[in-house]
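The structure appears below as structure tokens.
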Amino acid sequence: MSTVPTITLNDGRQIPQLGFGVFQIDPSETAEATAKALEIGYRHIDTAEMYGNEQGVGEAVRASGLDRADVWVTSKLNNGFHEPDTARRAFDDTLSALGLDYVDLFLIHWPLPTRYDGDFVSTWKVLEEFQRDGRARSIGVSNFQVAHLERLARECDVVPAVNQIEAHPYFTNDEVRAYGQQHGIVTEAWSPIAQGQVLDDATIGAIAERVGRTPAQVVLRWHLQRGDVVFPKSVTPSRMQENFELFDFELSADDVEQITALHRGEDGRTGPNPDEFDYIPG
Ligand code: NDP
């Protein structure tokens, strides 16, 4: 049923390039929103322990009637649980909250270079264990900068399959993306429409009008043509549907360039700089 293309990861597995993100969806509404997304045709759900809504995601996946193998489920390690034994316990808890015996992808949510004596390496080695025992079919990182990825390359065996980073027209994050391209790490773009902030942009509006699509569709299509994975979040069924209709039009190379040129450098970030971010839930 799905028209969504897949991307082959460095471990050989195929990830659907378009998914559904559930950050900031109230835990009590997550099962319903996820069920709606699955009904529309999404087959990739992006959650995290820190979103507090893994349970709703798992409930919807299990109730969907879909084969488990046909739905891609990603979750992420809580910032408070980087120490190896704690990470092992946290991963058990993630699987039991989801009610699943494996996740398709498990990520270190943030590198936290100013916490844990800057040691995200031993955390990564624990994710390598989860992959070896089959409970995380693929493993990756999120919010890793080039220096963090270089350190994993020097000190660890497995190259992350993905790096999930902030990326949208106002913050293209192209240096980190380029490192990924050179080293077989797929970029997943979080906050792909900058939580709505890019939708009133005049350049994007003009392209949208010309191609007869909405600004959100144009921006999401721009991500897909750059080769990144995206998972826009919406609790609004009409937007969930709109965000899924991206495969019957194309942007020209000039459109793509114009949107990329909207980059505002560090000022364009909507989220924190991963070199400084040290948040641990209380
Ligand atoms: P998005 O860029 O996906 O934007 C979501 C916002 O845009 C919501 O307010 C939504 O409103 C609105 N919206 C969605 N579609 C449309 C549309 N077609 N037209 C107009 N408005 C629209 O932001 P997120 O921050 O949620 O990012 C997406 C996903 O990325 C997250 O859900 C999460 O999975 C992941 N993420 C990962 C992070 C990380 O550190 N690894 C950090 C942040 C996000 P409404 O819901 O009311 O319809």
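Whatever order the structure lists them in is the order used to number ligands and atoms, beginning at 1. No experiment lies behind these values; they were computed from the predicted model shown.
Of the candidates Ile193, Ile25, Asn79, the one placing a heavy atom closest to atom 1 (P) of ligand 1 is Ile193.
Contacts between Asn143 and ligand 1, counted as non-hydrogen atom pairs separated by less than 4.0 Å, involve the side chain only. When non-hydrogen atoms are compared, ligand 1 lies under 4.0 Å from the backbone of Ala194 (N, CA, C, O) but not from its side chain.
Ligand 1 does not have Phe20 within reach: every non-hydrogen atom of the residue lies 4.0 Å or more from it. Look at Gln24 and you'll find every heavy atom at least 4.0 Å from all atoms of ligand 1. At least one heavy atom of Pro192 lies less than 4.0 angstrom from ligand 1.
With a 6.0 Å radius and a threshold of 12 heavy atoms from other residues, nucleotides or ligands, Gln55 has its CD atom at or below the threshold. Counted within 6.0 Å of CD on Glu266, heavy atoms from surrounding residues, nucleotides or ligands total more than 12; the atom is thus considered enclosed. By the 6.0 Å contact criterion, CG on Asp254 is enclosed, its count of non-hydrogen atoms from other residues, nucleotides or ligands being greater than 12.
When only non-hydrogen protein atoms are considered, atom 5 (C) of ligand 1 lies nearest to Lys233 O, 3.3 Å. Given atom 15 (N) of ligand 1, the protein heavy atom at minimum distance is Asn243 ND2, 3.0 Å. Atom 23 (O) of ligand 1 has its closest protein heavy atom at Gln195 CG, 3.5 Å. Taking atom 34 (O) of ligand 1 as the reference point, the nearest protein heavy-atom neighbour is Asp46 OD2, 2.6 Å. Among protein heavy atoms, atom 28 (C) of ligand 1 sits closest to Phe231 O, 3.3 Å. Among all protein heavy atoms, the one lying closest to atom 47 (O) of ligand 1 is Arg239 NH1, 3.5 Å. Summary of contacts: the protein heavy atom closest to atom 43 (C) of ligand 1 is Trp190 CE3, 3.2 Å. Nearest to atom 37 (C) of ligand 1 among the protein's heavy atoms is Gln164 OE1, 3.0 Å.
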- Task: Before giving the answer on salt bridge (charged side-chain N to carboxylate O under 4.0 Å, His left out), spell out for Arg88 and Glu129 the whole-Å C-alpha distance, their side-chain angles and the decisive distance to 0.1 Å.
- Result: CA-CA 9 Å; Arg88 291 185 188 101; Glu129 284 172 27; 2.8 Å; yes

- For Lys36 and Glu32, run salt bridge (charged side-chain N to carboxylate O under 4.0 Å, His left out): C-alpha distance rounded to whole Å, both residues' side-chain angles, the deciding distance at 0.1 Å, then the answer. CA-CA 6 Å; Lys36 183 70 197 170; Glu32 190 186 337; over 6 Å; no

- Query: Hey, mind stepping through His148 and Phe120 against ring-ring contact (aromatic ring centres under 6.0 Å, His included) and telling me if it holds?
  - Reply: CA-CA 9 Å; His148 307 140; Phe120 45 76; 5.3 Å; yes

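A salt bridge between Glu155 and Arg151 is present, with a side-chain N of the basic residue lying under 4.0 Å from a carboxylate O of the acidic one.
The shortest N/O to N/O separation between Lys76 and ligand 1 does not fall below 3.5 Å. Close N/O approach between Val22 and ligand 1 is found [any backbone or side-chain N/O within under 3.5 Å].
Residue contact check: His109 has heavy atoms under 4.0 Å from atoms 39 (C), 40 (O), 41 (N) of ligand 1. For ligand 1, the atoms sitting less than 4.0 Å from at least one non-hydrogen atom of Leu199 are 19 (N), 20 (C), 21 (N), numbered in the order shown with element in parentheses. Counting the atoms of ligand 1 from 1 in the order shown, those under 4.0 Å from a heavy atom of Thr236 are 45 (P), 47 (O), 48 (O). Which parts of ligand 1 touch Trp110 is read off a 4.0 Å heavy-atom cut-off, strictly below it: atoms 40 (O). Numbered from 1 in the order shown, with element, the atoms of ligand 1 that lie under 4.0 Å from a heavy atom of Pro232 read 3 (O). With ligand atoms numbered from 1 in the order given, ligand 1 contributes 17 (C), 18 (N) to contacts under 4.0 Å with heavy atoms of Ala216.
Partner Ile7 forms a side-chain contact (heavy atoms from CB on, under 4.5 Å) with one of Thr187, Val229, Val162, Asp228 and no other, that one being Val229.
Between the CD atom of Gln17 and the CD atom of Glu188 there is a distance of 10.5 Å, given to the nearest 0.5 Å.
Screening residues 95-115 for salt bridge (charged side-chain N to carboxylate O under 4.0 Å, His left out), with sequence neighbours left out, gives Arg13-Asp104, Arg68-Asp104.
Phe20 and His44 have their aromatic ring centers separated by at least 6.0 angstrom. Centroid-to-centroid, the aromatic rings of Phe144 and His109 stay 6.0 Å apart or farther.
Aromatic ring orientation, Phe244 versus Tyr42: tilted (interplanar angle from 30° to 60°).
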